[in-house]
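The model shown is predicted, which means the values in this text are computed figures rather than measured ones. Here, residue 1 is the first one in the sequence, and each next residue gets the next number.
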Amino acid sequence: MKGKTFHFRGGVHPTANKHTSECAIRRFPMPAKLHIPLQQHIGAPAEPLVEVGQQVLKGELLANSQGVISAPVHAPTSGTIRVIDDLDAPHPSGLPVRTIVLEADGMDAWKPAAGIDNPFMRAPEEIAAMVGAAGIVGMGGATFPAAVKLHLAMQQTVHTLIINGGECEPYLTCDDRLMQERAEGIITGVRIFKHVLKPVRTVIAIENNKPAAFAAMQEANRALYKIEIVQVPSRYPMGSEKQMIQAITGREIPAARRAIDAGVVVHNVATAYAAYEAVQLGRPLVSRIVTVTGGAIRQPMNLEVPIGTLLQDLLDYCGLNSQPQRLLLGGPMMGQVVPHTRVPVVKGSNGVIALTATDLHRQESRACIRCARCVSVCPMGLLPLEMAARLNKGNIDGALSYGLLDCISCGSCSYVCPSNIPLAHFFNYGKGEHAARQDQERFNDVTKKLAAQKKQRLTRQAEEKQRARSKSA
């Protein structure tokens, strides 16, 4: 039913703390140097095309995509390539990744752009290719290459296209401000996605705690484009893909299945805006809106930041009231703790949060009292206490049998746990151990295969030598 929304199980209502950063978007001054990782997306890292000492223009291709799932990387400003090396980056592995260091020349000179005035007269395949060439990935934090998602969806029937304006994480307001200030561009990006996917229904979903964004998007839409703009309840993790799909369509995506299997495609509002810039303006993804906030920040801001800007530059610009006790890239529920400030903003970085001891409310963990509050709030219908009990004993298989891989790492269980057990941390650890074990098993299989091939080769060579000796005798 048009405009109707549905409930999903579980979820929590964490303190929003969004009042600290509800400020207009400012353009961040260009740093002297940018550290641009070549792995800013799910899939294979991009392969560098430039050399140290080379001059580049803003928007110029620095590294091309590799493999089926990958995304290219472009220059966020004009300048000179100074370093291509493995450097620290906000990567889940914590390991250095291949990075290009670009020294800005102060000109910020764009490479000549080639946008399309009327993309709706072009073939969907051509538009999807432009999105891919622009290096656009999921801007809500998932960082899945947008063009890959489009191409996969084009091979199937898309019933519903959902544009996610939930932004359910506490503190973060970058998408809210983007919708308020750049609604026309977002609507154009949504229309571009509609043109490519030909969905039966297109919905922009905005949490009901963002009335100004909702009004701005309605005004930009003007009921001209057959796009529904609906308000959904402000309830974490509403912005998660599966929960948003259930809220809009009433359909629950089964375990181990994808959204497209249900005929649904979900893109973030910032991803839609990036598609507008890429297709109509000819500009690749070289900057993004970032919320910089937290108790340790003197002046919280929403900043349009060049990709590759170091966190230290952002903290210097906004100022500190005190030394942060914890620094997060992303929201406080699902964001990644960063060990230091010498890591850069990447395409999926929607927030930099500097928290004080007061913000954290740290308490010692205690033994599980089996109250099952974690069960009642899990949006995936899992049993977090049972998974945690098995992981505590090193029983990865036991945790997997309870649905470990279906966990979306939303942190709702950790938030409500009266024993202050870092449940989400345990589950991320367990998933990492499982992935490492799978990698080792694949390595062992390849080693066994190579050993068997070597044995066959040596046997064949020995037989050939024996036949040769028999003939000569």
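T291 and N350 share no donor-acceptor pair across their side chains, judged by distance under 3.5 Å alone. Residues K431 and S409 have side chains that bring a donor and an acceptor to within less than 3.5 angstrom of each other. Counting only N and O atoms by type, the side chains of H340 and D88 include a donor and acceptor under 3.5 Å apart. When only modelled atom types and interatomic distance are considered, N208 and S234 share no side-chain donor-acceptor pair under 3.5 Å.
Between F193 and H267, the ring-plane angle classifies as parallel under the 30° and 60° cut-offs.
Remark: side-chain polar atoms of R288 are paired, donor with acceptor, to backbone N or O of K347 under 3.5 angstrom. Within the 3.5 Å criterion, the main-chain N or O of R258 finds a donor-acceptor partner in the side chain of D261. Between the H41 side chain and the A44 main chain, a donor and an acceptor come within less than 3.5 Å of each other. Using modelled atom types, one side-chain atom of E169 and one backbone atom of M333 make a donor-acceptor pair closer than 3.5 Å. Checked by atom type and distance alone, the side chain of S401 pairs as donor or acceptor with a backbone atom of G398 at under 3.5 Å. Between the Y236 side chain and the C410 main chain, a donor and an acceptor come within less than 3.5 Å of each other. Distance alone, capped at 3.5 Å, is enough to place a donor-acceptor pair between the S78 side chain and the A109 backbone.
With a 4.5 Å cut-off on side-chain heavy atoms, Q54 and T80 do not count as touching. Contact annotation: the side chain of W110 approaches that of V286 to within less than 4.5 Å [non-hydrogen atoms, C-beta and beyond]. Counting heavy atoms from C-beta outward, Q231 and E207 have side chains that stay 4.5 Å or more apart.
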Walk me through it: do N302 and T173 pass the test side chain to side chain donor-acceptor pair (under 3.5 Å)? CA-CA 7 Å; N302 283 303; T173 57; 3.0 Å; yes
Go through the steps for I162 and V265 under the test side-chain contact (heavy atoms from CB on, under 4.5 Å), then give the verdict. CA-CA 6 Å; I162 298 175; V265 175; over 6 Å; no
Could you go through the side-chain contact (heavy atoms from CB on, under 4.5 Å) check for I163 and N268 one step at a time? CA-CA 5 Å; I163 304 301; N268 178 264; over 6 Å; no
Determine, stepwise, if the pair M380 / K242 fulfils side-chain contact (heavy atoms from CB on, under 4.5 Å). CA-CA 9 Å; M380 301 304 293; K242 289 189 175 182; 3.9 Å; yes
Begin from the C-alpha positions of F427 and L391 and carry the test side-chain contact (heavy atoms from CB on, under 4.5 Å) through to its verdict. CA-CA 8 Å; F427 304 148; L391 289 171; 3.7 Å; yes
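Taking CG of L178 as the reference point, atom CD1 of I289 lies at 6.0 Å (rounded to 0.5 Å). In this structure, CD1 on I227 lies 8.5 Å from CG on L161, to the nearest 0.5 angstrom.
Stacking of R235 on the aromatic ring of F8 is recorded, both the 6.0 Å distance cut-off and the 45° axial limit being met.
Here the shortest heavy-atom pairing between I192 and P119 reads CG1-CG, 4.2 Å.
When each of Q243, R9, R257 is paired with E252, the side chain to side chain donor-acceptor pair (under 3.5 Å) condition holds for R9 and for no other.
Side-chain rings of Y429 and F426 stay apart, their centers remaining 6.0 Å or farther from each other.
Checked for salt-bridge contact, R26 and E304 miss the test: no charged N lies under 4.0 Å from a carboxylate O.
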